[in-house]
Amino acid sequence: GERRGAVRLAQFAQIKRHGVRRGGERAGAGPLFKVSSANQITFDSLNIQPSSTAIEVVLGAQISILKCAITIANSDPDVFAVMAQVSALVIRDSEFVAGGIWIVDGSSQIEIRDNVMTSPQGPGIVLGGLPATGIDSSPNATGVSLVEIAHNQITGARNSGITTAFEPPESGNQSALGDIEDLLIDSNEILECAQAPRKRPYSTAAVAGILLQNSVNVTIVDNAIAHNGKESKIPTCGVYVDGVSNLEISRNQITDNGVK
(Lines give C-alpha, C1' and ligand atoms only; values in the text may rest on other atoms or scores of the structure.)
Protein backbone atom coordinates (compact mmCIF):
# COMPACT_ATOMS: atom_id res chain seq x y z
CA GLY A 1 0.00 0.00 0.00
CA GLU A 2 0.96 3.67 -0.08
CA ARG A 3 3.63 4.61 2.40
CA ARG A 4 3.25 7.72 4.51
CA GLY A 5 6.20 9.88 5.39
CA ALA A 6 9.63 9.85 3.78
CA VAL A 7 11.85 6.80 3.47
CA ARG A 8 15.56 7.27 2.81
CA LEU A 9 17.89 4.55 1.57
CA ALA A 10 21.41 5.82 2.02
CA GLN A 11 25.09 4.91 1.99
CA PHE A 12 24.95 1.23 1.15
CA ALA A 13 28.44 0.19 0.07
CA GLN A 14 28.76 -2.30 -2.79
CA ILE A 15 25.36 -3.95 -2.39
CA LYS A 16 25.11 -7.27 -4.26
CA ARG A 17 21.68 -8.72 -4.85
CA HIS A 18 20.89 -11.58 -2.43
CA GLY A 19 24.55 -11.63 -1.40
CA VAL A 20 25.68 -13.02 -4.77
CA ARG A 21 28.94 -11.62 -6.09
CA ARG A 22 29.00 -9.23 -9.02
CA GLY A 23 27.70 -10.79 -12.22
CA GLY A 24 26.53 -13.93 -10.43
CA GLU A 25 22.78 -13.34 -10.43
CA ARG A 26 20.45 -15.71 -12.15
CA ALA A 27 19.13 -14.82 -15.59
CA GLY A 28 15.84 -12.95 -15.53
CA ALA A 29 16.31 -11.75 -11.93
CA GLY A 30 13.98 -9.01 -10.74
CA PRO A 31 15.09 -5.49 -9.84
CA LEU A 32 17.41 -4.86 -6.92
CA PHE A 33 15.00 -2.26 -5.52
CA LYS A 34 11.30 -2.15 -6.47
CA VAL A 35 9.03 0.72 -5.39
CA SER A 36 5.34 0.03 -6.00
CA SER A 37 2.49 2.46 -5.22
CA ALA A 38 4.68 4.32 -2.74
CA ASN A 39 5.83 7.91 -2.33
CA GLN A 40 8.55 10.05 -0.79
CA ILE A 41 11.39 7.59 -1.34
CA THR A 42 14.99 8.82 -1.64
CA PHE A 43 17.94 6.71 -2.81
CA ASP A 44 21.02 8.57 -1.59
CA SER A 45 24.71 7.72 -2.17
CA LEU A 46 24.13 4.10 -3.15
CA ASN A 47 27.05 2.28 -4.75
CA ILE A 48 25.63 -0.85 -6.37
CA GLN A 49 26.54 -3.32 -9.12
CA PRO A 50 23.52 -5.47 -9.95
CA SER A 51 23.12 -7.63 -13.05
CA SER A 52 19.40 -6.80 -13.28
CA THR A 53 17.60 -3.44 -13.17
CA ALA A 54 18.82 -1.51 -10.14
CA ILE A 55 15.73 0.59 -9.32
CA GLU A 56 12.22 -0.05 -10.69
CA VAL A 57 9.33 2.25 -9.79
CA VAL A 58 5.68 1.42 -10.55
CA LEU A 59 2.99 4.04 -9.84
CA GLY A 60 5.35 5.92 -7.56
CA ALA A 61 5.43 9.58 -6.53
CA GLN A 62 8.09 11.94 -5.20
CA ILE A 63 11.04 9.66 -5.84
CA SER A 64 14.63 10.95 -5.68
CA ILE A 65 17.86 9.28 -6.80
CA LEU A 66 20.79 11.38 -5.59
CA LYS A 67 24.58 10.94 -5.71
CA CYS A 68 24.34 7.25 -6.59
CA ALA A 69 26.84 5.12 -8.49
CA ILE A 70 25.15 2.30 -10.40
CA THR A 71 27.04 -0.15 -12.59
CA ILE A 72 25.08 -2.83 -14.46
CA ALA A 73 27.16 -6.00 -14.50
CA ASN A 74 25.42 -7.26 -17.63
CA SER A 75 25.68 -6.62 -21.37
CA ASP A 76 21.92 -7.04 -21.96
CA PRO A 77 20.59 -3.90 -23.75
CA ASP A 78 17.16 -4.44 -22.14
CA VAL A 79 18.51 -4.01 -18.59
CA PHE A 80 18.30 -0.45 -17.25
CA ALA A 81 19.82 1.18 -14.20
CA VAL A 82 16.49 2.93 -13.54
CA MET A 83 13.05 2.11 -14.93
CA ALA A 84 10.29 4.33 -13.57
CA GLN A 85 6.57 5.04 -13.88
CA VAL A 86 6.32 7.99 -11.56
CA SER A 87 4.91 11.39 -10.73
CA ALA A 88 7.69 13.72 -9.55
CA LEU A 89 11.09 12.08 -10.06
CA VAL A 90 14.49 13.67 -9.51
CA ILE A 91 17.71 11.97 -10.66
CA ARG A 92 20.72 14.15 -9.88
CA ASP A 93 24.48 14.01 -9.41
CA SER A 94 24.71 10.28 -10.12
CA GLU A 95 26.93 8.02 -12.21
CA PHE A 96 25.57 5.22 -14.38
CA VAL A 97 27.75 2.64 -16.13
CA ALA A 98 26.40 0.16 -18.71
CA GLY A 99 22.77 0.92 -17.89
CA GLY A 100 20.44 3.76 -18.90
CA ILE A 101 17.26 5.38 -17.58
CA TRP A 102 13.75 4.57 -18.90
CA ILE A 103 10.88 6.88 -17.93
CA VAL A 104 7.85 4.85 -18.98
CA ASP A 105 4.33 5.81 -20.04
CA GLY A 106 2.22 7.31 -17.25
CA SER A 107 4.95 9.58 -15.83
CA SER A 108 5.19 13.33 -15.18
CA GLN A 109 7.35 15.99 -13.52
CA ILE A 110 10.70 14.44 -14.36
CA GLU A 111 14.09 16.06 -13.67
CA ILE A 112 17.27 14.30 -14.84
CA ARG A 113 20.18 16.64 -14.15
CA ASP A 114 23.96 16.64 -13.64
CA ASN A 115 24.49 12.92 -14.19
CA VAL A 116 27.25 11.02 -15.99
CA MET A 117 26.22 8.01 -18.09
CA THR A 118 28.93 5.83 -19.58
CA SER A 119 28.46 3.02 -22.12
CA PRO A 120 24.77 2.16 -21.65
CA GLN A 121 24.16 -1.13 -23.46
CA GLY A 122 20.91 0.27 -24.90
CA PRO A 123 19.90 3.95 -25.04
CA GLY A 124 21.07 6.50 -22.51
CA ILE A 125 17.65 7.96 -21.62
CA VAL A 126 14.30 6.62 -22.89
CA LEU A 127 10.97 8.47 -22.69
CA GLY A 128 7.56 6.85 -23.12
CA GLY A 129 6.48 3.38 -24.07
CA LEU A 130 6.21 0.34 -21.86
CA PRO A 131 8.52 -2.62 -21.36
CA ALA A 132 7.35 -5.99 -22.63
CA THR A 133 6.92 -7.19 -19.05
CA GLY A 134 6.99 -5.83 -15.52
CA ILE A 135 5.15 -2.49 -15.82
CA ASP A 136 1.58 -2.10 -17.11
CA SER A 137 -0.17 1.05 -18.34
CA SER A 138 -1.03 3.53 -15.61
CA PRO A 139 -4.69 3.91 -14.57
CA ASN A 140 -4.01 7.59 -13.86
CA ALA A 141 -2.34 8.99 -17.00
CA THR A 142 -0.77 8.23 -20.36
CA GLY A 143 2.33 9.68 -21.93
CA VAL A 144 5.25 11.43 -20.26
CA SER A 145 4.97 15.13 -19.44
CA LEU A 146 6.93 17.99 -17.90
CA VAL A 147 10.42 16.61 -18.45
CA GLU A 148 13.75 18.39 -17.95
CA ILE A 149 16.95 16.66 -19.06
CA ALA A 150 19.82 19.04 -18.37
CA HIS A 151 23.58 19.15 -17.86
CA ASN A 152 24.10 15.41 -18.26
CA GLN A 153 26.97 13.67 -20.02
CA ILE A 154 25.93 10.62 -22.05
CA THR A 155 28.82 8.79 -23.70
CA GLY A 156 28.97 5.57 -25.66
CA ALA A 157 25.34 4.45 -25.54
CA ARG A 158 24.82 1.54 -27.92
CA ASN A 159 21.47 2.95 -29.06
CA SER A 160 20.50 6.65 -29.21
CA GLY A 161 21.67 9.00 -26.48
CA ILE A 162 18.13 10.23 -25.74
CA THR A 163 15.18 8.53 -27.42
CA THR A 164 11.47 7.78 -27.29
CA ALA A 165 9.98 4.27 -27.33
CA PHE A 166 6.96 4.17 -29.61
CA GLU A 167 7.60 1.24 -31.94
CA PRO A 168 5.26 -1.65 -31.00
CA PRO A 169 7.24 -4.38 -29.23
CA GLU A 170 7.54 -7.70 -31.01
CA SER A 171 5.78 -9.30 -28.06
CA GLY A 172 4.36 -8.32 -24.70
CA ASN A 173 2.65 -5.08 -23.76
CA GLN A 174 0.68 -3.53 -26.65
CA SER A 175 -1.24 -0.89 -24.64
CA ALA A 176 -2.12 2.48 -26.16
CA LEU A 177 0.59 5.01 -25.37
CA GLY A 178 0.45 8.76 -24.78
CA ASP A 179 2.71 11.44 -26.26
CA ILE A 180 5.72 13.14 -24.78
CA GLU A 181 4.70 16.67 -23.72
CA ASP A 182 6.63 19.70 -22.49
CA LEU A 183 10.18 18.41 -22.87
CA LEU A 184 13.34 20.47 -22.30
CA ILE A 185 16.71 19.00 -23.35
CA ASP A 186 19.27 21.57 -22.25
CA SER A 187 23.07 21.72 -22.04
CA ASN A 188 23.82 18.01 -22.31
CA GLU A 189 26.86 16.35 -23.87
CA ILE A 190 25.82 13.41 -26.05
CA LEU A 191 28.93 11.81 -27.47
CA GLU A 192 29.85 8.60 -29.33
CA CYS A 193 26.40 7.04 -28.98
CA ALA A 194 24.33 5.17 -31.62
CA GLN A 195 26.79 2.34 -32.11
CA ALA A 196 24.35 -0.57 -32.49
CA PRO A 197 21.61 -1.37 -35.04
CA ARG A 198 18.09 0.01 -34.66
CA LYS A 199 15.74 -2.10 -32.59
CA ARG A 200 12.24 -2.04 -31.14
CA PRO A 201 10.69 -0.50 -29.11
CA TYR A 202 12.86 2.42 -30.22
CA SER A 203 12.68 3.84 -33.73
CA THR A 204 13.42 1.41 -36.54
CA ALA A 205 14.09 4.33 -38.91
CA ALA A 206 17.37 5.56 -37.43
CA VAL A 207 19.50 6.06 -34.36
CA ALA A 208 20.70 9.46 -33.21
CA GLY A 209 22.18 11.59 -30.52
CA ILE A 210 18.60 12.70 -29.83
CA LEU A 211 15.67 10.85 -31.44
CA LEU A 212 12.09 11.93 -30.71
CA GLN A 213 8.71 10.69 -31.94
CA ASN A 214 5.14 11.70 -31.04
CA SER A 215 6.15 14.71 -28.95
CA VAL A 216 4.78 18.23 -28.44
CA ASN A 217 6.26 21.39 -26.92
CA VAL A 218 9.91 20.40 -27.19
CA THR A 219 12.99 22.59 -26.68
CA ILE A 220 16.47 21.28 -27.57
CA VAL A 221 18.98 23.97 -26.66
CA ASP A 222 22.71 24.40 -25.92
CA ASN A 223 23.62 20.71 -26.28
CA ALA A 224 26.83 19.24 -27.66
CA ILE A 225 25.93 16.30 -29.93
CA ALA A 226 28.97 14.80 -31.63
CA HIS A 227 30.60 11.65 -33.00
CA ASN A 228 27.42 9.58 -32.77
CA GLY A 229 27.19 6.58 -35.08
CA LYS A 230 30.80 6.85 -36.20
CA GLU A 231 31.44 3.13 -35.92
CA SER A 232 28.01 1.70 -36.70
CA LYS A 233 27.64 2.19 -40.48
CA ILE A 234 23.88 2.52 -40.01
CA PRO A 235 21.58 5.55 -40.55
CA THR A 236 22.56 8.01 -37.82
CA CYS A 237 21.57 11.62 -37.16
CA GLY A 238 22.60 14.23 -34.67
CA VAL A 239 18.90 14.99 -34.04
CA TYR A 240 16.03 13.00 -35.58
CA VAL A 241 12.38 13.98 -35.09
CA ASP A 242 9.19 12.37 -36.39
CA GLY A 243 5.70 13.51 -35.44
CA VAL A 244 6.99 16.35 -33.26
CA SER A 245 5.13 19.70 -33.03
CA ASN A 246 5.98 23.06 -31.48
CA LEU A 247 9.70 22.31 -31.63
CA GLU A 248 12.63 24.63 -30.96
CA ILE A 249 16.20 23.55 -31.77
CA SER A 250 18.72 26.31 -31.05
CA ARG A 251 22.32 27.00 -30.05
CA ASN A 252 23.39 23.36 -30.23
CA GLN A 253 26.78 22.11 -31.43
CA ILE A 254 25.89 19.20 -33.73
CA THR A 255 29.02 17.89 -35.43
CA ASP A 256 30.54 14.81 -37.00
CA ASN A 257 27.61 12.42 -36.60
CA GLY A 258 27.23 9.36 -38.83
CA VAL A 259 29.75 7.70 -41.11
CA LYS A 260 30.93 9.85 -43.99
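Worth saying up front: this structure is predicted, and the values here are computed from it rather than measured.
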### Message
Would you compute the distance between atom SG of C68 and atom CG of L46 and round it to the nearest 0.5 angstrom?
### Response
4.0 Å
### Query
Hey, is the main chain of V86 close enough, under 3.5 Å, to the side chain of S107 for a donor-acceptor pair?
yes
### Message
With heavy-atom distances below 4.5 Å as the criterion, would you say the side chains of V126 and I103 are in contact?
### Response
no
### Summary
ring pair (Phe, Tyr, Trp, His ring centres under 6.0 Å) pairs touching residues 122-153, sequence neighbours excluded, are none
### Task
To the nearest 0.5 Å, tell me how far C193 SG sits from R158 CZ.
11.0 Å
### Query
Out of curiosity, I48 CD1 to I70 CD1, how far, rounded to the nearest 0.5 Å?
4.0 Å
### Summary
Hits for salt bridge (Lys or Arg N to Asp or Glu O under 4.0 Å) against E111, two or more places apart or cross-chain, chain-then-number order -> R92, R113
#### Entry: Members besides V97 in its Ile/Leu/Val/Met/Phe/Trp/Tyr cluster (side-chain heavy atoms under 4.5 Å)
none
### Task
Drop me the distance from C237's SG to N228's CG, to the nearest 0.5 angstrom.
10.5 Å
### Query
Is Q121 reaching over with its side chain to a backbone N or O of S119, donor-acceptor style, under 3.5 angstrom?
yes
### Query
salt bridge (charged side-chain N to carboxylate O under 4.0 Å, His left out): which pairs involve residues 96-109, sequence neighbours left out?
none
### Message
Nearest 0.5 angstrom please: I125 CD1 to W102 CH2, how far?
### Response
14.0 Å
### Task
Considering only Ile, Leu, Val, Met, Phe, Trp and Tyr, and joining two whenever side-chain heavy atoms are under 4.5 Å apart, list the other residues clustered with V221.
L184
## Note on the structure
Output for pair (L66 CG, S45 OG), nearest 0.5 Å, gives 8.0 Å
### Message
If we ignore hydrogens and angles and just use 3.5 Å, is the side chain of S51 paired with the main-chain N or O of A73 as donor and acceptor?
### Response
yes
### Message
Suppose the criterion is ring pair (Phe, Tyr, Trp, His ring centres under 6.0 Å): which pairs have a residue in residues 203-226, not counting sequence neighbours?
### Response
none
#### Entry: Single hit among I91, I72, T71, N152 for side-chain contact (heavy atoms from CB on, under 4.5 Å) with F96
I91
### Query
With no hydrogens and no angle check, is any side-chain donor or acceptor of S138 less than 3.5 Å from a backbone partner on N140?
yes
Show me the side-chain donor-acceptor pairs of residues 53-63 shorter than 3.5 Å, one per line, residues at least two apart or across chains.
unit_1: T53; atom_1: OG1; unit_2: F80; atom_2: O; d: 3.4
unit_1: E56; atom_1: OE2; unit_2: K34; atom_2: NZ; d: 3.3

### Query
Run the side chain to side chain contact (heavy atoms under 4.5 Å, CB included) check on D44 and I65 step by step: do they pass?
CA-CA 6 Å; D44 190 338; I65 300 171; over 6 Å; no
### Query
Are the charged groups of K67 and D93 less than 4.0 angstrom apart, N to O?
no
### ring pair (Phe, Tyr, Trp, His ring centres under 6.0 Å) partners of residues 51-70, not counting sequence neighbours, each pair once
none
### Message
Applying side chain to side chain donor-acceptor pair (under 3.5 Å) as the test, list every pair that has at least one member in residues 177-187; sequence neighbours left out.
### Response
D182-N217
### Message
With side-chain contact (heavy atoms from CB on, under 4.5 Å) as the test, pick out the partner of L177 among N214, T164, V144, L130.
### Response
L130
### Task
Please name all residues satisfying side chain to side chain contact (heavy atoms under 4.5 Å, CB included) with N223, sequence neighbours left out, ordered by chain then number.
I185, N188, I220, I225, N252
### Task
Any side chain to side chain donor-acceptor pair (under 3.5 Å) involving residues 74-89? Give me the pairs, sequence neighbours left out, ordered by first then second residue.
D78-K199
### Summary
For E248, the side chain to side chain contact (heavy atoms under 4.5 Å, CB included) test, sequence neighbours excluded, returns T219, S250
### Atom of Q195, atom of E192 and distance for their closest heavy-atom approach
NE2-O, 3.0 Å
## Note on the structure
Minimal heavy-atom distance between G124 and A157, with the atoms involved, is N-CB, 3.8 Å
